[in-house]
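Presented below is the structure to which this report refers.
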There are 2 protein chains.
Amino acid sequence: MAIPETKAPIRVLVVEDHHVVRQGLVALLNVVEGVQVVGEAADGVEAIAQFRKHLPNITLIDLRLPRLTGVEVIQRIRMETPQARFIVLTTYDGDEDIFRALQAGARAYLLKGMTTEELIATIRTVHAGRSHIPPAIAERLAERMGTEELTPREFDVLEQIVHGKSNKEIATELEISEATVKTHINSLLGKLCVTDRTQAATAALQRGIVTLESLRKPKP
Amino acid sequence: MAIPETKAPIRVLVVEDHHVVRQGLVALLNVVEGVQVVGEAADGVEAIAQFRKHLPNITLIDLRLPRLTGVEVIQRIRMETPQARFIVLTTYDGDEDIFRALQAGARAYLLKGMTTEELIATIRTVHAGRSHIPPAIAERLAERMGTEELTPREFDVLEQIVHGKSNKEIATELEISEATVKTHINSLLGKLCVTDRTQAATAALQRGIVTLESLRKPKP
DNA sequence: ATTGTTGTCCATCATTGGGTGGAGACTGGG
DNA sequence: CCCAGTCTCCACCCAATGATGGACAACAAT
């Protein structure tokens with residue numbers, strides 16, 4: 001071998017649905033000394049299959065995936081392989097997903113705008129058993145920590161609000177009285193630290209509690 | 001040469017701020033017969049410089065860029081080189097940007113989730129002087145066509161609404177009476193085909209009239 | 001100049017929305 | 001068992017919102 005004395009390479013699985021991005025990651029990683037891409041997956045189900053097949057040291061995973069979300073994939077894999085290490089890689093997304101991913105056991109969270117050096121450094125850091133959260137993400141996490149969890153009902157109402165429903169419509173939809181809707185709104189306004197439904201809607205979108213995509217297709 | 005009788009390759013400039021994605025595009029394109037990446041740029045200003053330097057046949061460009069937006073880049077380049085051909089490549093973004101990009105002279109609009117084949121096919125199509133708009137995009141464009149343009153003042157008000165301001169606050173901010181704010185709201189509600197401010201806010205975000213990012217940082 | 005159009009502005013009125021207090025159901029610990 | 005805590009539900013009150021109608025100025029077109 002030309003390489004004098006290297007350790008075993010870090011075996012990486014890349015999970016990402018965007019072809020271009022996946023290609024980019026693989027191309028970047030495969031020229032790096034000590035890192036080896038052992039598998040690729042374009043959706044959640046495939047990700048789990050590939051993981052079982054290759055048992056990689058590190059799984060680089062996007063949160064927005066077809067079939068299963070990244071968070072679900074992390075949860076399921078950790079169920080059977082608790083020592084699995086994940087680096088979440090996403091364009092932007094809401095705070096909610098970041099939070100969930102870290103709770104599910106992701107060790108690092110990177111934005112797609114990062115430099116190659118950051119990516120490599122993070123892979124090595126996580127492989128060494130440590131975590132890495134960029135300052136920008138940490139800041140948003142901190143904000144989130146202060147806020148309380150929404151109850152299921154409050155979540156239902158918030159979802160309707162984001163979809164532009166009036167209190168009366170929400171009441172009909174959820175089969176409760178309009179007064180009750182107002183109560184839920186009142187308490188979720190408090191939890192989201194906002195003062196009216198419009199702010200609640202934008203806050204929900206910012207945090208990823210509801211996604212912009214879900215607005216296009218009316219729900220069945 | 002090993003290749004028997006090829007035409008001159010299509011010379012492509014890649015403009016994209018996400019390192020990973022840019023790498024992916026370059027890696028993908030450079031293995032394609034008849035396509036040659038002649039330059040890369042990570043922001044709007046660099047894009048214009050690289051364009052002048054290389055005069056590519058096709059410019060593959062993201063809309064969300066530092067320094068100058070993709071739309072601005074397209075406009076400026078077409079000012080001096082009207083025959084320049086652009087393929088807009090973006091993750092998702094709002095309808096507004098799609099519309100503006102096409103108006104500015106982009107010939108095609110692709111989502112980053114596309115297959116390699118689609119990308120290559122589109123490059124060839126555009127290089128041959130034709131356009132290519134995927135059905136999903138075309139649909140959204142069609143929706144947009146029916147809607148009227150907002151007046152500057154209406155736009156101001158809408159922006160404030162998305163930022164969660166009350167009518168009174170908007171009135172103070174814009175130095176007009178609250179009644180006037182209501183008038184503007186009323187007419188912009190009509191133009192956006194919605195019935196209240198919350199729907200207006202989400203519609204504005206969907207269409208990219210206002211972006212989620214701009215919500216985080218309070219404007220100066 | 002005059003007509004038409006469009007954008008900005010304002011006032012009044014009915015409706016909606018948010019604030020407050022409080023009742024019954026259900027949970028987990030002591 | 002009983003208590004504290006939480007979730008869900010509802011009614012009443014007043015402020016904010018949206019609908020309507022109309023005044024005024026700027027501008028284009030003939």
Side-chain angles (χ1 to χ4, degrees), chain A residues 96 99 103 144-207 209-210 215, chain B residues 96 99 103 144-207 209-210 215:
Chain A
E96 199 61 23
F99 191 74
Q103 261 196 338
R144 209 224 114 100
M145 292 311 281
T147 65
E148 300 155 85
E149 204 68 31
L150 295 187
T151 71
R153 218 50 175 163
E154 287 163 2
F155 182 88
D156 292 340
V157 172
L158 178 57
E159 201 172 20
Q160 298 290 321
I161 288 178
V162 179
H163 282 79
K165 302 291 180 64
S166 72
N167 288 346
K168 189 179 294 184
E169 289 170 327
I170 297 174
T172 305
E173 178 75 26
L174 301 183
E175 294 178 315
I176 54 182
S177 97
E178 199 179 331
T180 305
V181 173
K182 292 181 185 177
T183 305
H184 291 310
I185 289 179
N186 214 272
S187 73
L188 72 83
L189 289 182
K191 291 180 182 176
L192 293 176
C193 301
V194 297
T195 60
D196 61 51
R197 60 172 46 220
T198 304
Q199 289 178 8
T202 56
L205 290 169
Q206 270 182 59
R207 305 189 178 193
I209 297 174
V210 183
L215 294 184
Chain B
E96 199 61 23
F99 190 75
Q103 263 196 336
R144 207 224 115 100
M145 291 312 280
T147 65
E148 300 156 84
E149 205 69 31
L150 295 187
T151 71
R153 216 52 174 161
E154 286 163 1
F155 181 88
D156 292 339
V157 173
L158 177 57
E159 201 172 19
Q160 298 289 322
I161 288 178
V162 178
H163 281 79
K165 302 292 181 64
S166 71
N167 289 345
K168 189 179 294 183
E169 289 171 327
I170 297 173
T172 306
E173 179 74 27
L174 301 182
E175 294 177 318
I176 55 183
S177 98
E178 200 180 329
T180 305
V181 173
K182 292 180 186 176
T183 305
H184 290 309
I185 289 179
N186 214 274
S187 73
L188 72 83
L189 289 183
K191 290 181 182 176
L192 293 177
C193 300
V194 296
T195 60
D196 60 52
R197 61 172 45 221
T198 304
Q199 289 177 10
T202 56
L205 290 170
Q206 271 183 59
R207 304 189 179 194
I209 297 173
V210 181
L215 293 184

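In the text below, chain A, chain B and the rest are named by the order of the sequence lines, each starting its count at 1. Predicted model only: the values in this text are computed from it and were never measured.
Computed from coordinates, the E154(A) CD to dC9(D) P distance equals 11 Å when rounded to whole Å. Counting to the nearest Å, the P atom of dG18(C) and the CG atom of L158(A) are 12 Å from each other. In this structure, I185(A) places its CD1 atom 16 Å from C1' of dA15(D), rounding to the nearest Å. Rounded to whole Å, atom C1' of dG17(C) lies 16 Å from atom NE2 of H184(A). Taking atom CD of residue Q160(B) and atom P of nucleotide dT17(D), one finds them 13 Å apart after rounding to whole Å. Computed from coordinates, the I170(A) CD1 to dG17(C) C1' distance equals 11 Å when rounded to whole Å. The separation between Q199(A) atom CD and dG17(C) atom P is 16 Å, rounded to whole Å. We find that CD of E178(B) is positioned 12 Å from C1' of dG18(D), with the value rounded to whole Å.
Side-chain nitrogen and oxygen atoms of N167(A) include none within less than 4.0 Å of the OP1 or OP2 phosphate oxygen of dT16(C). Under 4.0 angstrom from either OP1 or OP2 of dC10(D) there lies at least one side-chain N or O belonging to T180(A). For the pair N186(B) and dA19(D), the criterion of a side-chain N or O lying under 4.0 Å from OP1 or OP2 is met. Between T151(B) and dT8(C) there is a side-chain N or O to OP1 or OP2 distance below 4.0 Å. Between S177(A) and dC10(D) there is a side-chain N or O to OP1 or OP2 distance below 4.0 Å.
Note that CD1 of I185(A) and CG of D196(A) are 10.5 Å apart. Values are rounded to the nearest 0.5 Å. The structure places CG of L174(A) at 8.0 Å from NE2 of H184(A), a figure rounded to the nearest 0.5 Å.
Side-chain proximity of T183(B) to the nucleotides dG21(D), dG17(C), dA11(D) is greatest for dG21(D). Side-chain proximity of L189(A) to the nucleotides dG17(C), dG19(C), dA11(D) is greatest for dG19(C). The side chain of R153(A) lies closest to dT8(D), out of dT17(D), dT8(D), dC10(D). The side chain of A179(A) sits closest to dA11(D) out of dG18(D), dG17(C), dA11(D). Of the candidates dC9(D), dA19(D), dC10(C), the closest approach to any side-chain atom of I176(A) belongs to dC9(D).
For the pair Q199(A) (side chain) and G164(B) (backbone), a donor-acceptor distance under 3.5 Å is present.
Note on S187(A): nothing from the nucleic acid sits closer than 4.0 angstrom, heavy atoms only.
For I170(B) against K165(B), the heavy-atom pair with the smallest separation is CG1-CB, 3.6 Å.
In this structure, the side chains of L192(A) and I209(A) come closer than 4.5 Å at one or more pairs of heavy atoms.
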